[in-house]
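Have a look at the structure below, then the notes.
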Amino acid sequence: MNQVQLSDVQIANLTLLLTIRDGILHDRTAACCRFALDAVQAERLGTMSVQQLMAIVANLGDVTLFPPRRDLVGLLDKPLPLVRPLAAVHAPRHVAASSAG
């Protein structure tokens, strides 16, 4: 039996891709809003098989496909009952990669 060991980053990518794909298949509009997808992205992800997603993740390696929210640390520091309302009020702007120098 041939087994592939995925890294933590690969597992995260695969989990999110499968979640997004399932969301698209269930309710495309809601998934586009929830995951900030455009129509082309939704169409492509919605037509991909589980095997195709697994192959992409395996070949991508430890490159994350999903950047964190800009306010991630702030949300982690908030009391748990406040996390959902604060996340809903603030747009999930992603952290831009900065160059060290």
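Along the sequence shown, the residues carry numbers beginning at 1. Here the structure is a predicted model, which means the values were calculated and not measured.
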Inset, instruction - Treating Ile, Leu, Val, Met, Phe, Trp and Tyr as nodes and any side-chain heavy-atom pair under 4.5 angstrom as an edge, say whether Leu6 and Phe66 lie in one connected cluster. - result: yes
Inset, instruction - Any salt bridge (charged side-chain N to carboxylate O under 4.0 Å, His left out) involving residues 6-25? Give me the pairs, sequence neighbours left out, ordered by first then second residue. - result: none
Legend entry - Side chain to side chain, Leu75 and Leu86, heavy atoms closer than 4.5 Å: yes
Inset, instruction - Sequence neighbours left out, what passes side chain to side chain donor-acceptor pair (under 3.5 Å) with Thr15? Give chain and number order. - result: none
Inset, instruction - Taking all non-hydrogen atoms of both residues into account, name the closest pair between Lys78 and Val83 and its distance. - result: O-CG2, 4.1 Å
Legend entry - side chain to side chain contact (heavy atoms under 4.5 Å, CB included) partners of Pro81, counting only residues at least two apart: Pro79
Inset, instruction - Indicate yes or no for a side-chain donor-acceptor contact from Asn13 to the backbone of Val57 under 3.5 Å, with no hydrogens or angles considered. - result: no
Anything under 3.5 Å between a donor and an acceptor, one on a side chain of residues 29-42, the other on a protein residue two or more places apart or in another chain? List them.
{"residue": "Asp38", "atom": "OD1", "partner": "Val40", "partner atom": "N", "Å": "3.1"}
{"residue": "Asp38", "atom": "OD1", "partner": "Gln41", "partner atom": "N", "Å": "2.7"}
{"residue": "Gln41", "atom": "OE1", "partner": "Asp38", "partner atom": "N", "Å": "2.9"}

Inset, instruction - Give me the other members of the hydrophobic cluster that Leu76 sits in, counting Ile, Leu, Val, Met, Phe, Trp and Tyr linked by side-chain heavy atoms under 4.5 Å, directly or via other members. - result: Leu72
Inset, instruction - Report the distance from atom CG of Leu82 to atom CG of Leu80, rounding to the nearest 0.5 Å. - result: 9.0 Å
Legend entry - Nearest heavy-atom neighbours spanning Leu45 and Ile20: CD1-CG2, 3.8 Å
Legend entry - Pairs touching residues 57-68 that satisfy salt bridge (charged side-chain N to carboxylate O under 4.0 Å, His left out), sequence neighbours left out: none
Legend entry - Same apolar cluster: Leu60 and Val50, side chain cutoff 4.5 Å: yes
Legend entry - Residue pairs fulfilling salt bridge (charged side-chain N to carboxylate O under 4.0 Å, His left out) with at least one residue in residues 45-58, sequence neighbours excluded: none
Inset, instruction - Working to the nearest 0.5 Å, report the span between CG of Asp71 and CG of Asp77. - result: 11.0 Å
Inset, instruction - List, by chain and number, the other hydrophobic cluster members for Val89, where Ile, Leu, Val, Met, Phe, Trp and Tyr join if side-chain heavy atoms come within less than 4.5 Å, directly or indirectly. - result: none
Legend entry - Selection residues 39-58 - residue pairs positive for salt bridge (charged side-chain N to carboxylate O under 4.0 Å, His left out), sequence neighbours left out: Arg28-Glu43
Inset, instruction - For Gln5 and Gln10, work out which heavy atoms get closest and say how close. - result: O-OE1, 4.2 Å
Legend entry - Common cluster, Leu65/Leu18, ILVMFWY with side-chain heavy-atom separation under 4.5 Å: yes
Legend entry - For Ile56, side chain to side chain contact (heavy atoms under 4.5 Å, CB included) partners two or more places apart: Met48
